[in-house]
Colleague: 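Please see the structure below; I have some questions.
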Amino acid sequence: MIQPEELVGKSVCKIGRAAAMCWIHFGRPVEIELRGRKRILGEFALDLDCPWRIRNSCGGIELGSADIFVPASGHGLDEDFNWDVQGNNLFDEKAKLLFPEGAQIVVTSAGLSGNCDLTITFSNGLCLESFVNASSQEECWRLFMPGLEHGDLVVTGVGIE
């Protein structure tokens, strides 16, 4: 089973979202065939489907899971705002600024709390913190290697699956 510590020394390959789930890819780019088409993904992938935030070195919040539902600058919060359209929300805007494609931002530490909350510290002074927010077997986050059928670290509200 993959452990968060395996991310140490790996660079952030890319960051994005699928609906309200944040994903981050780490390590060297790997070509994978998914649903009949080839895609470039990171060696490791993290899917966050629970509350999370990215803090700066002074403790201020730079980006958080709720930012997905806030309009990006230049968009107004009105009945026409659709958070699910790529590029429309604050997450889409800020994620690209904090983790620009091609930047060599490396994981300096990674670990779990007793409640399986995940903390990842990056070489640019940012720190990702996730918070398990379920008391059931609902999946909160997953660390895996794209293309492999086993070894995923899956965290639910009752612990590691």
Side-chain angles (χ1 to χ4, degrees), residues 1-30 32 39-75 77 81 83-134 138-146 151-157 159-160:
M1 183 181 320
I2 297 169
Q3 295 300 312
E5 296 80 17
E6 293 180 59
L7 298 176
V8 174
K10 305 287 184 192
S11 60
V12 175
C13 183
K14 54 182 164 177
I15 182 172
R17 65 178 178 85
M21 182 191 70
C22 173
W23 52 259
I24 306 173
H25 290 220
F26 302 90
R28 61 181 169 73
V30 178
I32 304 286
R39 297 180 58 192
I40 303 295
L41 306 175
E43 178 182 8
F44 292 88
L46 173 65
D47 288 350
L48 294 163
D49 207 13
C50 62
W52 56 268
R53 66 182 175 207
I54 296 177
R55 290 185 299 106
N56 61 34
S57 58
C58 296
I61 298 173
E62 294 288 335
L63 186 62
S65 49
D67 290 338
I68 291 172
F69 306 105
V70 176
S73 60
H75 292 277
L77 184 56
F81 171 64
W83 66 267
D84 201 16
V85 173
Q86 291 290 327
N88 265 13
N89 65 52
L90 194 57
F91 170 89
D92 297 336
E93 180 179 12
K94 285 185 151 187
K96 291 177 185 176
L97 297 173
L98 295 173
F99 296 95
E101 198 167 322
Q104 290 299 309
I105 300 169
V106 176
V107 174
T108 57
S109 68
L112 298 177
S113 73
N115 291 326
C116 293
D117 294 335
L118 176 66
T119 301
I120 300 174
T121 305
F122 301 97
S123 59
N124 63 354
L126 297 178
C127 179
L128 168 82
E129 299 170 321
S130 76
F131 307 93
V132 173
N133 67 331
E138 178 182 345
E139 184 174 321
C140 296
W141 62 268
R142 173 185 299 252
L143 180 62
F144 62 103
M145 295 179 79
D152 294 10
L153 174 60
V154 179
V155 172
T156 70
I160 295 173

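Here the structure is a predicted model, which means the values were calculated and not measured.
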Colleague: For a 4.5 angstrom cut-off between non-hydrogen side-chain atoms, does Met1 reach Ile160?
Modeller: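 Side chain of Met1 against side chain of Ile160, heavy atoms only: contact under 4.5 Å found.
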
Colleague: If you define the side chain from C-beta out and look only at heavy atoms, does anything of Ile24 sit under 4.5 Å from Phe44?
Modeller: no

Colleague: Would you mind reporting whether Ile2 and Met145 have side-chain heavy atoms less than 4.5 Å apart?
Modeller: yes

Colleague: Once salt bridge (charged side-chain N to carboxylate O under 4.0 Å, His left out) is applied, do any residues pair with Arg55, and if so which ones, sequence neighbours excluded?
Modeller: Glu129

Colleague: Can you tell me which residue among Cys22, Cys140, Cys116, Ser65 is in a side chain to side chain contact (heavy atoms under 4.5 Å, CB included) with Cys50?
Modeller: Cys140

Colleague: Hey, does Leu7 have a side-chain heavy atom less than 4.5 Å from the side chain of Leu143?
Modeller: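 Of all side-chain heavy-atom pairs linking Leu7 with Leu143, at least one is under 4.5 Å.
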
Colleague: If we only count heavy atoms from C-beta on, is the Val132 to Asp117 side-chain gap below 4.5 Å?
Modeller: yes

Colleague: Between Phe26 and Phe122, what is the ring plane arrangement, given parallel below 30°, perpendicular above 60°, and tilted in between?
Modeller: parallel

Colleague: Nearest 0.5 Å, what's the NE2-NZ distance between His25 and Lys14?
Modeller: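 Atom-to-atom, His25:NE2 and Lys14:NZ are 6.0 Å apart.
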
Colleague: Is there a side-chain contact between Ile15 and Leu98 (heavy atoms, below 4.5 Å)?
Modeller: no

Colleague: Does Asn88 use its side chain to pair, donor to acceptor, with the backbone of Trp83 at less than 3.5 Å?
Modeller: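 No; judged by distance alone, with no hydrogens or angles, the pair does not exist.
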
Colleague: Check side-chain hydrogen bond (donor to acceptor under 3.5 Å, both in side chains) between Asp152 and all other residues, then give those that pass, not counting sequence neighbours.
Modeller: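 Partners of Asp152 under the side-chain hydrogen bond (donor to acceptor under 3.5 Å, both in side chains) test: Arg142.
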
Colleague: Is there a side-chain contact between Pro4 and Leu118, using heavy atoms and a 4.5 Å cut-off?
Modeller: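 They are in contact (side-chain heavy atoms under 4.5 Å apart), so the answer is yes.
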
Colleague: Answer yes or no: is there an ion pair linking Arg17 with Asp84, defined by an N-O contact shorter than 4.0 Å?
Modeller: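 Yes.
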
